[in-house]
Undergrad: 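Right, I'll just put the structure down here and ask away after.
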Amino acid sequence: MIEFISQPWAWYVSGPMLALVMILLLWAGGEFGVSSTLRTLCAMGGAGKKVPFFNFDWQKQIWNIVFIIGAMLGGFIAANFLTNPQPLVLSSATIADLNKVGIPFNGELAPMTLFSWSKLLTVKGFCVLVVGGFLVGFGARWAGGCTSGHAISGLSNLQLPSLIAVIGFFIGGLIMTHLLFPLIF
Amino acid sequence: MKLIKFLLIGILFGIIMTKSEVISWYRIQEMFRFQSFHMYGIIGSALVIGLIATFFFKRNAIRDIEGNLIAFRDKNYSIPRYLFGGIIFGLGWALSGACPGPMYTLVGNGFTVFLVVIASALLGTLCYGLLRKHLPH
């Protein structure tokens, strides 16, 4: 059983399971939207005293903070007890494309040449970790949600704004991947 | 005690994020290069099930654990907010290879450097809060 679930999960397993998370959250009295935890964390840190956007009843959002603590624990459990010994199977076209911009692939989840503490103060490391994170946080709040809130919850509820946001996600992602990557890397 | 179920749902979410490899920077690159169906299959199939579930939730066929009806609010219509915000988000998603769910999950996976990504995302959220009045919504 453990061996069976330790394999990488196919899309037709992962997608429905993700929908199950959304359903369980709704059933438990929450909703599926991860980026709003960033706003809650800012409010918990006292940002509401200076910035009205963070002056809200954040205690009502504690369930979502508990949810992301769970996500970290889930990541820990999966990485330590449901480990897949095989390297990541990546499309050969992607491997070739990334090689062209000097990003190697060795079967890990993320390129260690960028995602490690020792690379934090290099130009490329700073870009992926600090600039990347900043844009995600800023953009998610401006758009009022991220992949979970818009692409899954919002589109499931047939929200036109969510469709516009998802189109925006792809415009941004395609610009970064195809136009800016060759300049940064 | 009510919070325990959110912890358990979160654990399930973290395991799904990891085992589906959605947390992989490389998988996000594959998606934005249209070189694999994996990510599209995940989002697409989640959406199909999500649409069906939301349909029944809205018909009040399913109530939440406390017997309350589940309220769905319609989002206010606007183009600039969702388009510009979405584009900024997409730029960051492709660069860091992580949207907020994976950021947290990656820390649990032992990629502690993602604490920096989370801190930066918090800073981005804070800056949005500061600049909010000046941005089109």
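Scope of the values below: all heavy atoms of this structure, side chains included, with no hydrogens, waters or symmetry mates. Throughout, protein chains are lettered first and strands after them, A, B, ... in sequence-line order, and every chain is numbered starting at 1.
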Undergrad: Need one label for V51(A): side chain, backbone, both or neither, based on atoms under 4.5 Å from any heavy atom in chain B.
TA: side chain
Undergrad: Is the shortest heavy-atom distance from the side chain of S45(B) to the side chain of Y12(A) under 4.5 Å?
TA: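 Result no, sub-4.5 Å side-chain heavy-atom pair not found.
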Undergrad: Sub-3.5 Å donor-acceptor pair from the side chain of W142(A) to the main-chain atoms of P136(B), do we have one?
TA: yes
Undergrad: Top residue by heavy-atom pair count (under 4.5 Å) with chain A, among I79(B), L122(B), T18(B)?
TA: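 Heavy-atom pair counts peak at L122(B).
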Undergrad: So, do V113(B) and S116(A) sit near enough that their side-chain heavy atoms are less than 4.5 Å apart?
TA: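 No, every pair of side-chain atoms sits at 4.5 Å or beyond.
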Undergrad: Under a 4.5 Å heavy-atom cut-off, does chain B meet the side chain of F32(A), its backbone, both or neither?
TA: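 Side chain only.
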Undergrad: Identify which of A53(B), C99(B), C127(B) forms the greatest number of heavy-atom pairs closer than 4.5 Å to chain A.
TA: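 Ranked by heavy-atom pairs under 4.5 Å with chain A, first place is C127(B).
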Undergrad: For F37(B), look at atom CZ and say whether over 12 heavy atoms of other residues, nucleotides or ligands are found less than 6.0 Å away.
TA: yes
Undergrad: Could you check, using the six-membered ring where one of them is a Trp, whether F115(A) and F111(B) have ring centers closer than 6.0 angstrom?
TA: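 Ring centroids of F115(A) and F111(B) are no less than 6.0 Å from each other.
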Undergrad: Of the backbone (N, CA, C, O) and the side chain (C-beta and beyond), which part of F53(A) lies under 4.5 Å from a heavy atom of chain B, both, or neither?
TA: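 It is the side chain, since no backbone atom gets that close.
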Undergrad: Can you tell which part of E31(A) gets under 4.5 Å to a heavy atom of chain B, answering side chain, backbone, both or neither?
TA: side chain
Undergrad: Do N157(A) and K58(B) have side-chain N/O donor and acceptor atoms under 3.5 Å apart?
TA: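 Present: a donor and an acceptor within the cut-off.
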Undergrad: Identify which part of L155(A) has an atom lying under 4.5 Å from any heavy atom of chain B, answering side chain, backbone, both or neither.
TA: both
Undergrad: Could you walk me through whether L47(B) and S156(A) satisfy the side-chain contact (heavy atoms from CB on, under 4.5 Å) test, starting with their C-alpha distance in whole Å, then the side-chain angles of each, then the deciding distance to 0.1 Å, before giving a yes or no?
TA: CA-CA 6 Å; L47(B) 186 53; S156(A) 287; 3.7 Å; yes
Undergrad: Output the option from V22(B), I70(B), T112(B), L131(B) having the highest count of non-hydrogen pairs under 4.5 Å with chain A.
TA: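 Among the listed options, the one with the most contacts to chain A is T112(B).
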Undergrad: Would a 4.5 Å heavy-atom cut-off, applied to side chains only, mark I103(A) and W25(B) as touching?
TA: yes
Undergrad: Please classify the contact between L20(A) and chain B as side chain, backbone, both or neither, with a heavy-atom cut-off of under 4.5 Å.
TA: side chain
Undergrad: Check this for me: Y40(B), atom OH, are more than 12 non-hydrogen atoms of other residues, nucleotides or ligands nearer than 6.0 Å?
TA: yes
Undergrad: Does L109(A) offer a backbone N or O that forms a donor-acceptor pair with the side chain of S24(B) under 3.5 Å?
TA: yes
Undergrad: Tell me if a side-chain donor or acceptor on E30(B) pairs with a main-chain N or O of S91(A) at a distance below 3.5 Å.
TA: yes
Undergrad: Please report the C-alpha distance between V131(A) and L91(B) in whole Å, then the side-chain angles of each, then the deciding distance to 0.1 Å, and finally whether the side-chain contact (heavy atoms from CB on, under 4.5 Å) criterion is met.
TA: CA-CA 10 Å; V131(A) 179; L91(B) 290 168; over 6 Å; no
Undergrad: Given that the side chain runs from C-beta out, which part of P111(A) has a heavy atom under 4.5 Å from chain B: side chain, backbone, both or neither?
TA: both
Undergrad: Does any heavy atom of chain B fall under 4.5 Å from the side chain of I65(A), the backbone, both, or neither of them?
TA: neither
Undergrad: For S36(A), is it the side chain, the backbone, both or neither that has a heavy atom under 4.5 Å from a heavy atom of chain B?
TA: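 Nothing of S36(A), per the 4.5 Å heavy-atom cut-off to chain B.
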Undergrad: For side-chain contact (heavy atoms from CB on, under 4.5 Å), just list the numbers for M103(B) and V136(A), CA-CA rounded to whole Å, side-chain angles, deciding distance to a tenth of an Å, and then say yes or no.
TA: CA-CA 10 Å; M103(B) 282 180 193; V136(A) 167; 3.5 Å; yes
Undergrad: Does some side-chain heavy atom of L95(B) sit less than 4.5 Å from a side-chain heavy atom of F181(A)?
TA: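 A side-chain contact under 4.5 Å exists here.
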Undergrad: With a 4.5 Å cut-off on side-chain heavy atoms, are H150(A) and K75(B) touching?
TA: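 Side chain of K75(B) against side chain of H150(A), heavy atoms only: contact under 4.5 Å found.
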Undergrad: Quick check on T37(A) against chain B: is it the side chain, the backbone, both or neither that has a heavy atom closer than 4.5 Å?
TA: both
Undergrad: Just wondering, do T94(A) and S36(B) contact through their side chains at under 4.5 Å, heavy atoms?
TA: no
Undergrad: Please classify the contact between M22(A) and chain B as side chain, backbone, both or neither, with a heavy-atom cut-off of under 4.5 Å.
TA: side chain
Undergrad: Just how far is it from atom CE of M17(A) to atom CG of L12(B), taken to the nearest 0.5 Å?
TA: 5.0 Å
Undergrad: Parallel under 30°, tilted from 30 to 60°, perpendicular over 60°: which one fits the rings of F6(B) and W63(A)?
TA: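 Rings of F6(B) and W63(A): tilted, as their planes differ by 30° to 60°.
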Undergrad: Could you go through F13(B) and L18(A), starting from their C-alpha distance and side-chain angles, then the distance that decides it, and tell me whether this counts as side-chain contact (heavy atoms from CB on, under 4.5 Å)?
TA: CA-CA 7 Å; F13(B) 177 64; L18(A) 215 49; 3.9 Å; yes
Undergrad: Could you look at S35(A) and say if it's the side chain, the backbone, both or neither that has a heavy atom under 4.5 Å from chain B?
TA: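 Backbone plus side chain of S35(A), per the 4.5 Å heavy-atom cut-off to chain B.
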Undergrad: Between L163(A) and chain B, with a heavy-atom cut-off of 4.5 Å, which part of the residue counts as in contact: side chain, backbone, both or neither?
TA: neither
Undergrad: Quick check: closest heavy atoms across I5(A) and K19(B), and the distance to 0.1 Å?
TA: O-CE, 3.4 Å
Undergrad: Output the residues of residues 54-62 of chain A for which the shortest heavy-atom distance to chain B is under 4.5 Å, in residue-number order; output 'none' if no such residue exists.
TA: F54(A), I62(A)
Undergrad: Once side-chain contact (heavy atoms from CB on, under 4.5 Å) is applied, do any residues pair with N76(B), and if so which ones, sequence neighbours excluded?
TA: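 Partners of N76(B) by the side-chain contact (heavy atoms from CB on, under 4.5 Å) criterion come out as none, since no residue qualifies.
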Undergrad: Measure the CH2-CD distance between W11(A) and E21(B) for me, rounded to the nearest 0.5 Å.
TA: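 It comes to 15.5 Å.
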Undergrad: How many angstroms lie between atom CG of N109(B) and atom CD1 of I77(A), to the nearest 0.5 angstrom?
TA: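 Between N109(B) CG and I77(A) CD1, I get 11.0 Å after rounding to 0.5 Å.
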Undergrad: Would the distance check show the side chain of K2(B) and the main-chain N or O of G29(A) forming a donor-acceptor pair, the cut-off being under 3.5 Å?
TA: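 Judged by distance alone, no pair lies under 3.5 Å.
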Undergrad: For the interface with chain A, which of L135(B), V107(B), L130(B) has the highest count of heavy-atom pairs at distances below 4.5 Å?
TA: L135(B)
Undergrad: Roughly how far, to the nearest 0.5 Å, is the CD1 atom of I42(B) from the OG1 atom of T147(A)?
TA: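 Here the interatomic distance stands at 12.0 Å.
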Undergrad: Would you say the side chain of L7(B) lies within less than 4.5 Å of the side chain of L73(A), judging by non-hydrogen atoms?
TA: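 When only atoms from C-beta onward are counted, L7(B) and L73(A) do touch, with a gap below 4.5 Å.
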Undergrad: Pairing donors with acceptors under 3.5 angstrom, does anything connect the side chains of Q35(B) and D97(A)?
TA: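 Checked: Q35(B)/D97(A) side chains pair up, N/O donor to acceptor below 3.5 Å.
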Undergrad: Check whether L160(A) gets within reach of chain B through its side chain, its backbone, both or neither, counting any heavy atom under 4.5 Å.
TA: side chain
Undergrad: Is the gap between the ring centers of F169(A) and F89(B) under 6.0 Å?
TA: yes
Undergrad: Measure the shortest side-chain to side-chain distance between L26(A) and F72(B) over non-hydrogen atoms and say whether it is less than 4.5 angstrom.
TA: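 They are in side-chain contact.
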